[in-house]
Amino acid sequence: VAAGDVQRTVAECQAVSRQWSAAVVTRSSMTGIEHLNQAMEKGPTVILGNHLSYFDATATDAVIAKHSLETANRIVFAAGPKVYQSLFRRVAAAGINTLPVPQSSRLSHTENLPPREFARLIHASLDSAKQLLSRGDALLVYPEGSRSRSGRLGPFIAGVHRYLNIPGLQVVPLAITGTQAVMPVGAR
């Protein structure tokens with residue numbers, strides 16, 4: 001999967017993902033979807049969320065879909081290379097819209113690319129992000145670049161600001177809790 005190539009859901013994977021998530025996420029609540037919808041109506045929208053588990057994107061999609069299928073279907077999740085490394089992760093990613101993004105080599109699981117190649121991948125990802133935002137989709141970014149080990153929001157990775165440098169951009173915060181119990185850091 002190349003950085004910048006938006007991966008749209010596979011309908012069957014999305015249906016299975018949402019059905020499975022509904023069985024796993026038995027007690028969910030969501031407030032503020034009206035703010036997300038208003039932001040998306042105004043123009044380009046980036047959602048910034050905390051990151052606790054590999055389950056975050058799937059759970060977020062499922063909870064938003066319970067409130068508004070249209071909104072859930074218009075969210076594209078920025079996804080680092082690790083999301084596509086195994087069959088299980090690729091199938092899970094096929095249940096949501098994803099934008100493959102390169103990650104800093106400071107993260108242990110990220111391939112150490114030559115600076116020019118890394119820059120090329122960043123620009124491809126940014127160009128795709130701008131295109132999908134101009135079409136009315138929203139981009140969900142986990143600005144920490146990795147799952148939190150403490151449960152607290154960590155510092156943003158250096159490149160996140162590039163996804164926020166868009167004229168007229170609406171930024172919507174997202175807080176998720178409890179997903180670390182489904183897929184904790186270090187668990188298989």
Is there side-chain contact between [X] and [Y], with heavy atoms separated by less than 4.5 Å?
| X | Y | value |
| --- | --- | --- |
| T177 | T179 | no |
| L174 | L140 | yes |
| L48 | V46 | yes |
| Y142 | D56 | yes |
| I122 | P102 | yes |
| R89 | K82 | yes |

With a 3.5 Å distance limit and no angle check, can you tell me whether [X] reaches the backbone of [Y] through a side-chain donor-acceptor pair?
| X | Y | result |
| --- | --- | --- |
| E144 | P155 | no |
| R74 | A138 | no |
| D61 | A57 | no |
| T98 | I96 | no |
| E12 | V10 | no |
| S128 | V6 | no |
| R90 | Y84 | yes |
| N97 | N73 | yes |
| E117 | P115 | no |

Can you name the closest pair of heavy atoms from [X] and [Y] and give their distance?
| X | Y | answer |
| --- | --- | --- |
| G43 | T45 | O-OG1, 2.9 Å |
| I75 | I64 | CD1-CD1, 3.5 Å |
| P167 | P44 | O-CG, 4.1 Å |
| V141 | P143 | O-CD, 3.1 Å |

**Message:** Could you check whether atom CZ of R116 has more than 12 heavy atoms from other residues, nucleotides or ligands sitting under 6.0 Å from it?
**Reply:**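 Count not over threshold, so no.
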Applying side chain to side chain contact (heavy atoms under 4.5 Å, CB included), name anything that partners [X], two or more places apart in sequence or on another chain.
| X | result |
| --- | --- |
| S68 | I33, E70, T71 |
| V83 | A79, A93 |
| Q180 | L52 |
| T31 | none |

**Prompt:** What pairs with R162 under salt bridge (charged side-chain N to carboxylate O under 4.0 Å, His left out), at least two apart in sequence or on another chain?
**Reply:**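 R162 satisfies salt bridge (charged side-chain N to carboxylate O under 4.0 Å, His left out) with no residue once adjacent residues are dropped.
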**Request:** With sequence neighbours left out, write down each residue that passes salt bridge (charged side-chain N to carboxylate O under 4.0 Å, His left out) with E41, or none if nothing qualifies.
**Result:**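 E41 satisfies salt bridge (charged side-chain N to carboxylate O under 4.0 Å, His left out) with no residue once adjacent residues are dropped.
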**Message:** Over 60° means perpendicular and under 30° means parallel, so tell me whether F55 and W20 are parallel, tilted or perpendicular.
**Reply:** perpendicular
Roughly how far apart are [X] [atom1] and [Y] [atom2], rounded to 0.5 Å?
| X | Y | atom1 | atom2 | result |
| --- | --- | --- | --- | --- |
| L139 | L164 | CG | CG | 9.0 Å |
| E34 | H67 | CD | NE2 | 9.5 Å |
| Q170 | L133 | CD | CG | 11.0 Å |

Verify the cluster assignment for [X] and [Y]: are they in a single hydrophobic cluster under the rule of side-chain heavy atoms below 4.5 Å apart?
| X | Y | result |
| --- | --- | --- |
| L69 | F77 | no |
| V172 | M30 | yes |
| F88 | V16 | no |
| V91 | V182 | no |

**Message:** Ignoring hydrogens and geometry beyond distance, is a side-chain donor-acceptor pair present between Y163 and S125 at under 3.5 Å?
**Reply:** yes
**Message:** Can you tell whether the side chains of D137 and R8 come within less than 4.0 Å, N to carboxylate O?
**Reply:** yes
